[in-house]
Amino acid sequence: MTATLVVGIDGGGTGNRALAHARKLAKLIGDCEIVVAFVIEWSPFSFHSAEENAIRHKRREEEISAATARIVEPALATLREAGFAARGVVRHGNVADCLNDIAVEEGADQIVVARSSDGGFAARVFGSVTASLVMTAAVPVTVVG
Amino acid sequence: MRQFLVAALAALFALPARAQEGGIDAAVNEAFASATGWFVNFIFAPIPGTSFAWIVAWLVIGASVFTIYFGFVQFRVIGHSLALVSGKYSDPKDAGEVSHFQALATALSGTVGLGNIAGVAVAVSIGGAGATFWMILAGLLGMASKFTECTLGVKYRNEYPDGTVSGGPMYYITKGFTERGLPGGKILAILFSVFCVLGALGGGNMFQANQAHQQISGVVGDYPGWITGLIFAAIVFIVIVGGIKSIARVTEKVVPFMGILYCGVALVIILMNLDMVGTAFSQIIDGAFTGNGIVGGAIGALIQGFRRAAFSNEAGVGSAAIAHSAVKTKEPITEGFVSLLEPFIDTVVICTMTALVIIITGQLMTDPATGLYMIGDDGRVVTATGATGVGLTSAAFGSVFSWFPYLLVVAVVLFAFSTMISWSYYGLKAWTYMFGEGKAQELTFKVIFCVFTVIGAAASLGPVIDFSDAMIFAMAVVNIVALYLLMPIVKRELDSYLSRLRSGEIKRFKP
């Protein structure tokens, strides 16, 4: 493969827009692999009860299986049907950090994400995933509007 | 234990008949005190010829032995402990698992609470400012006990095929004793479980409900404790039986915020009176060795300091080993390093802040002529407002910020609730260890837990606090015996880990 694109998806319309743009780019590039990434938002500094901690490993496995089966696999199936080389990754963590880490690990040339329609107060105060990714990513980032 | 449970349940079911004679609260109190008195007397029996309770000596000697045996580990590795908590040694591949920070925060939510607010006030109102010195010392020594038990808790936890985890003293006693070829592991583990169930019902439940009721009735006016008990029991029931996690989740997020707010306000008061801090510390040090006129002198201060510190940080009790055991790590000793921060935060930082605020706001009355404390008829130091317990802490903070007592009521109720949720889990783990995992066994314990919430709120503080202390300390008796016998295993882990850390074999993932 001459190029690798990492696409961040969210299981909804925002992710689909990113995926559609990645397909366009991949077609233009030709010899290209698409890495479909889904990140389950998680912080090692959140608070849980003892009971939740005891079943956390089990829950994590369930979350990864569910995300793989319901979100990543359908996206991969569509890409493969259209003739693209594609792989899926599911991670826990901060979305922007994880997408960047995946891009670095995969030696990707570009990260493709879409801007969510949610904005407003929360995004202004806490910053959005796309803004944070653009500010910190180690590879070029395309943000689909 | 069956006899005790029968007595407690009988007390509850006999309430209607007795209620006509002296009220439900009086009936509960009488039945409860008579069912538990003998055990309380045994646990707090003084060492012959002294007024020093043997159980306090037991905890202090245990903590001192672990401190010396592990070469003052609590002071050597504290920097590494902080690096572990901040995730610098966490493998990014383990994201989504229980982090060191989460295990520590969960354990802290079970220990930070009334012990830091009411317990410290009790300690200084009986033992004077000097009790603070012994409390800090007990906190520092207790870090080694916590390190030992939490390392073993992770090392010998049960990891089930479905991915769930169960750990705690009952597991390390059984497996560790078998590994070392020691007899009696199963019996000791069951004994610990019995005390853990009773400790969960006492200090982890009744004491919390009792103090929450005292606080609420202080604001809305006096009313029967069983009403608070029923409301608390209903909320706890829907969380632990009904699985309404949203209430627990809100508590988990609000409690750390309240803890930070409490410390922040204490810090502001201390900074506002910075010129008094030196005097406060000299009172603390003088009082520790002279008593400054308190009943029992320096020994009285020492007993109060050690006793309240043990109840507050639970080092050596074994409860933390249950909370810490779910962490994701390949090196059990790392959780030991993290857990030793718990007594430091709980006792050395938060308890000391409470004590400093009480001292520098002039709540403890001294005789200007002699400089000694003024002692009341009840043997306690006379306080500026006459308040004791939570009331004393409230008065101290309230003398600077008049709004603080209202915030403290909310904090106490939330801390009490959070501690109850934590201890319901510890008790449940001990219960299922004895009776097996299963829905029916779990439901039985949870219902008993809620019944005791009502009893705790209805009974008066004396019998409840004695029973709570007795059961928590009884857990420590069994746990520390096991820790003595298993500490060579921890030593081996410690030496191996530190040499690999020095050689660079232990990988740091973040700078």
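Fair warning: this is a prediction, and the values are worked out from it, not measured in the lab. Throughout, a chain's letter reflects where its sequence line sits, starting with A, and its residues are numbered from 1.
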When rounded to the nearest 0.5 Å, the distance separating NE2 of His48(A) from OG of Ser99(B) is 7.5 Å

If one checks every heavy atom of Ser424(B) against chain A at 4.5 Å, the contacting part turns out to be neither

Bottom line for Lys93(B): the part with an atom under 4.5 Å from chain A's heavy atoms is backbone

Those residues of residues 318-325 of chain B that come under 4.5 Å of chain A on a heavy-atom basis, listed by number, are none

Shortest non-hydrogen pair, Tyr425(B) vs Ala50(A), comes out as CD2-CB, 3.3 Å

Max heavy-atom pairs within cutoff under 4.5 Å with chain A, candidates Leu428(B), Val165(B), Val327(B), goes to Val165(B)

In this structure, CD of Glu61(A) is separated from CG of Asp162(B) (nearest 0.5 Å) by 11.5 Å

Looking only at Ser422(B), Ser418(B), Pro256(B), Gly87(B), most heavy-atom pairs under 4.5 Å shared with chain A are made by Pro256(B)

So, the part of Val255(B) with a heavy atom under 4.5 Å from chain A: the answer is neither

Using a 3.5 Å distance criterion without hydrogens, assess whether the side chain of Arg60(A) forms a donor-acceptor pair with backbone atoms of Ala95(B).
yes

**Asked** Do other residues, nucleotides or ligands put more than 12 heavy atoms under 6.0 Å from Phe257(B) CZ?
**Response** no

*asked:* Determine whether a donor-acceptor pair (N or O, by modelled atom type, separation under 3.5 Å) exists between the side chain of Thr164(B) and the backbone of Ala54(A).
replied: no

Got a sec: does the CZ of Arg508(B) have more than 12 other heavy atoms crowding it under 6.0 Å?
yes

Closest non-hydrogen atoms of Ala103(B) and Asn53(A), given as atom of the first, atom of the second and distance, are CA-ND2, 4.3 Å

For Trp42(A) and Glu97(B) the tightest heavy-atom approach is CZ2-O, 2.9 Å

Assert top hit (heavy-atom pairs under 4.5 Å, partner chain B, pool Arg91(A), Glu63(A), Lys58(A)) equals Lys58(A)

Value for CG (Asp94(B)) from NE2 (His57(A)), rounded to nearest 0.5 Å, stands at 9.5 Å

